[in-house]
*Asks:* 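The structure follows.
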Amino acid sequence: ESLLWPLLDVPFVNMFEQESGQLLVDRRRCAAALRALLYFAANAAWLRELSGRSLYGDKDLYRFAWMTARAPFHMIARPAGVAGARLGGGVFCGKTVVQHDPAGAPLFLHRNNAKLGAPQHLRVW
């Protein structure tokens, strides 16, 4: 636990870190949370100092914004996975974050380092 939880007046919750590459937000219902997010993003360096450097960028900013605004949110139960290529000798090289839908099926692929146009390898899920 960091000092950030009591500072923001939210109870500590032990939950998975979210993958924030893809979000679905109803802007009308979440206006207060979005305003909190804007504030947190503009003051992220200050928040990192107060939290003992345990704030990990937008991944935590979204969660804390929704929690401080007391706005409901849902996080997909299945953690993000990794997709990549099987290289020589059967070595797996992860290159893409896989985000899932509520049923657990792959929904989004977030390419991290192997950009389009790179040699094609066998995809591994």
*Asks:* Does a sphere of radius 6.0 Å around CZ in Arg70 hold more than 12 heavy atoms from other residues, nucleotides or ligands, not counting ones at 6.0 Å or beyond?
*Replies:* yes

*Asks:* Kindly give the heavy-atom pair with the smallest separation between Lys95 and Ala85, and that separation in Å.
*Replies:* CE-CB, 4.1 Å

*Asks:* Rounded to the nearest 0.5 Å, how far does CG of Leu107 lie from NE2 of His100?
*Replies:* 9.5 Å

*Asks:* Provide the closest heavy-atom pair for Leu61 versus Ala41 in the form atom of the first, atom of the second, distance.
*Replies:* CD1-CA, 3.8 Å

*Asks:* Has Arg78 got a side-chain atom pairing as donor or acceptor with Gly104's backbone, closer than 3.5 angstrom?
*Replies:* yes

*Asks:* State which residues pass side-chain contact (heavy atoms from CB on, under 4.5 Å) with Leu8; sequence neighbours excluded, sorted by chain then number.
*Replies:* Leu4, Val10, Phe40, Phe64, Thr68

*Asks:* Can you name the closest pair of heavy atoms from Gly94 and Val82 and give their distance?
*Replies:* CA-CG1, 3.4 Å

*Asks:* Measuring from Leu23:CG to Met75:CE, what's the distance to the nearest 0.5 Å?
*Replies:* 9.5 Å

*Asks:* Looking only at heavy atoms, what is the nearest atom pair of Leu37 and Ala65, with distance?
*Replies:* N-CB, 3.5 Å

*Asks:* How long is the span from the CH2 atom in Trp66 to the CG atom in Leu34, to the nearest 0.5 Å?
*Replies:* 4.0 Å

*Asks:* Are Trp5 and Phe73 joined in one hydrophobic group, where the rule is that I, L, V, M, F, W and Y side chains link up if heavy atoms are under 4.5 Å apart?
*Replies:* yes

*Asks:* Can you tell me how far apart CE (Met15) and CZ (Arg63) are? Round to the nearest 0.5 Å.
*Replies:* 5.5 Å

*Asks:* Can you check side chain to side chain contact (heavy atoms under 4.5 Å, CB included) on Leu24 and His74, steps first, answer last?
*Replies:* CA-CA 10 Å; Leu24 179 62; His74 174 78; over 6 Å; no

